[in-house]
Amino acid sequence: MASVPDVRKDGFRPSMLIYDTRYRSITLQVIFLAIFVAAGWWLVTNTVANLKALGKDFSFGFLTVRSGYDINQRLIEYTSDSTHGRAMLVGLLNTLLVAFISCVTATIVGVLAGVLRLSKNWLVARLMTVYVEAFRNIPLLIWILLIFAIMTEAMPAPNAFRGENATSSMLLFDSIAITNRGIYIPEPLFDRSLGNLDVGLFLVSIDLLAIIAVLVGSFLANRWLLNNATAVQNATGVRPVTWWKSILIWVVPLLALKVALGFHLGFPELRGFNFVGGTHLRNSLIALWFALTIYTGAFIAENVRAGIMAISHGQTEAAYALGLRPSLTTRLVVLPQALRVIIPPMISQYLNITKNTSLALAVGYMDIRSTLGGITINQTGRELEGMLLLMLTYLTISLIISMVMNAYNSSVKLKER
């Protein structure tokens with residue numbers, strides 16, 4: 001039997017970078033990386049050269065310069081003598097405020113509309129269909145301007161609340177006033193306040209921190225209670241009654257803290273030509289918040305409907321066979337399974353809400369687009385630095401939202417055994 005000769009392996013050849021599948025992908029990645037770096041280097045050097053030709057330099061020193069303009073809606077102390085950096089911070093907090101409350105309310109509206117659109121009640125289902133199709137197919141900016149026009153033109157002036165023959169009246173035991181200048185609601189006050197904590201850039205209410213700490217503690221305690229009840233149910237088949245314990249866990253600590261701090265409400269009062277006291281929600285905030293809620297809620301409703309329809313109908317029939325009512329079936333069986341389908345597209349809707357807050361400029365709400373990306377750039381002429389900061393801010397917020405929601409998505413996805 002003839003022996004098989006040894007096959008000598010060929011050495012490495014440059015042509016293998018293109019024709020050998022083992023190296024081709026790496027070669028292409030290196031080429032594209034080199035092109036990207038070269039393009040970035042050209043862009044930076046070209047920008048620096050053009051700025052130098054115009055007599056400008058690249059600097060963020062303008063953030064320490066006096067701003068010289070006022071901001072009507074603000075969460076922290078600010079005056080026209082504050083710096084542009086301070087104005088940027090005020091705008092950022094305003095952006096985060098309207099984005100957060102819009103995400104919460106849009107989720108509530110979207111979940112309700114999505115569930116009701118699958119209702120067996122013909123009228124309710126058709127009304128939800130009209131809502132979804134009408135609100136998501138009209139540009140958001142139009143809704144913002146429409147709501148702002150209604151608030152400023154159709155609502156009564158403050159003087160309509162004056163006198164015995166007043167044409168308008170306050171709501172909820174004279175605690176809420178809806179006017180063409182905004183909505184006035186009660187504000188929380190404390191007789192025995194713990195003061196404020198100076199964190200450098202702004203003051204943080206210690207009262208607020210205490211309330212948040214109590215709420216977090218109540219949440220953890222209630223979670224332990226429910227987990228313990230689930231463990232008992234799995235072991236014995238009988239679930240302990242926990243609803244009254246959950247109420248006590250949430251209510252008693254918070255109520256005790258409020259009594260200790262001397263909590264009470266400060267109500268708005270009509271004095272002179274306007275209301276004083278209470279919390280003033282300006283028309284610009286209301287219009288932006290409400291428009292973002294109803295517009296994005298229509299998209300979330302479709303996500304919820306798609307998630308529910310993705311669940312096998314056999315799950316519902318099995319729940320009915322066990323004696324669960326339709327409401328409990330939806331809450332305990334359908335929605336928990338539908339979350340894995342609902343959450344990924346909902347992340348995109350939260351990102352859209354955050355980015356759509358930049359439309360606040362249309363109604364005069366001073367978000368970061370209006371402060372840093374508007375007045376500050378116009379006054380300082382630092383359009384490149386301002387836009388880079390603006391882009392970095394939105395990118396950071398979006399990445400944080402994606403990270404948090406992806407972590408939550410991982411916690412609710414189906415666990416394989």
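We number each residue from 1, following the sequence as shown.
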[X] to [Y] - nearest heavy-atom pair and separation:
{"X": "P253", "Y": "S218", "answer": "CG-OG, 4.1 Å"}
{"X": "S102", "Y": "W289", "answer": "OG-CD1, 3.5 Å"}
{"X": "F62", "Y": "G386", "answer": "CZ-N, 4.4 Å"}
{"X": "T279", "Y": "P186", "answer": "OG1-O, 4.0 Å"}
{"X": "L140", "Y": "A291", "answer": "CD1-O, 3.6 Å"}
{"X": "G373", "Y": "L390", "answer": "CA-CD2, 4.1 Å"}

Rounded to the nearest 0.5 Å, how far does [atom2] of [Y] lie from [atom1] of [X]?
{"X": "I144", "Y": "L361", "atom1": "CD1", "atom2": "CG", "value": "10.5 Å"}
{"X": "R74", "Y": "N94", "atom1": "CZ", "atom2": "CG", "value": "10.0 Å"}
{"X": "M346", "Y": "I300", "atom1": "CE", "atom2": "CD1", "value": "5.0 Å"}
{"X": "L197", "Y": "F202", "atom1": "CG", "atom2": "CZ", "value": "10.0 Å"}
{"X": "L261", "Y": "S193", "atom1": "CG", "atom2": "OG", "value": "7.5 Å"}
{"X": "I347", "Y": "S398", "atom1": "CD1", "atom2": "OG", "value": "12.0 Å"}

**Report entry** Distance-only donor-acceptor check, side chains S67 and Y78, under 3.5 Å
**Finding:** yes
**Report entry** Y365 and T357 side chains, donor-acceptor separation under 3.5 Å
**Finding:** no
Backbone N/O of [Y] and side chain of [X]: donor-acceptor pair under 3.5 Å:
{"X": "S402", "Y": "L399", "value": "no"}
{"X": "N409", "Y": "M405", "value": "no"}
{"X": "S358", "Y": "K355", "value": "yes"}
{"X": "T95", "Y": "I368", "value": "yes"}
{"X": "N283", "Y": "G182", "value": "yes"}
{"X": "T296", "Y": "T293", "value": "no"}
{"X": "Q337", "Y": "V333", "value": "yes"}
{"X": "N228", "Y": "W224", "value": "no"}

Requested in this report: Run the numbers on Y69 and T376 for side-chain contact (heavy atoms from CB on, under 4.5 Å), then give the verdict.
Outcome: CA-CA 9 Å; Y69 62 90; T376 294; 3.0 Å; yes
Please examine the side chains of [Y] and [X], heavy atoms only from C-beta on, and report whether any two atoms are closer than 4.5 Å.
{"X": "Q315", "Y": "V334", "answer": "no"}
{"X": "L92", "Y": "T393", "answer": "yes"}
{"X": "M366", "Y": "I375", "answer": "yes"}
{"X": "I76", "Y": "L89", "answer": "yes"}
{"X": "M155", "Y": "I183", "answer": "no"}
{"X": "T230", "Y": "R239", "answer": "yes"}
{"X": "R382", "Y": "H84", "answer": "no"}
{"X": "L96", "Y": "I397", "answer": "yes"}

Report task. Run the numbers on Y350 and V404 for side-chain contact (heavy atoms from CB on, under 4.5 Å), then give the verdict. Result -> CA-CA 11 Å; Y350 289 165; V404 172; over 6 Å; no
Is the ring pair [X]/[Y] parallel, tilted or perpendicular, if the boundaries are 30 and 60 degrees?
{"X": "Y184", "Y": "H280", "result": "parallel"}
{"X": "F161", "Y": "F275", "result": "perpendicular"}
{"X": "F60", "Y": "F58", "result": "perpendicular"}

Requested in this report: Kindly indicate, with the supporting measurements, whether the criterion side-chain contact (heavy atoms from CB on, under 4.5 Å) is fulfilled by V238 and V232.
Outcome: CA-CA 7 Å; V238 179; V232 172; over 6 Å; no
Query - E383 and K56 ion-paired at < 4.0 Å - result: yes
**Report entry** N-O pairing of D207 and R192 below 4.0 Å
**Finding:** no
Report task. With side-chain contact (heavy atoms from CB on, under 4.5 Å) as the test, would you mind laying out the steps for T79 and S82 before giving the verdict? Result -> CA-CA 5 Å; T79 65; S82 301; 3.7 Å; yes
Requested in this report: Please determine which of V363, I294, I142, L288 meets the side chain to side chain contact (heavy atoms under 4.5 Å, CB included) test together with I147.
Outcome: I294
**Report entry** Passing candidate, side chain to side chain contact (heavy atoms under 4.5 Å, CB included) with L51, options D57, N46, L384
**Finding:** L384
Heavy-atom count around [X] [atom1] within 6.0 Å, excluding the residue itself: above 12?
{"X": "M391", "atom1": "CE", "result": "no"}
{"X": "Y320", "atom1": "OH", "result": "yes"}
{"X": "F190", "atom1": "CZ", "result": "yes"}

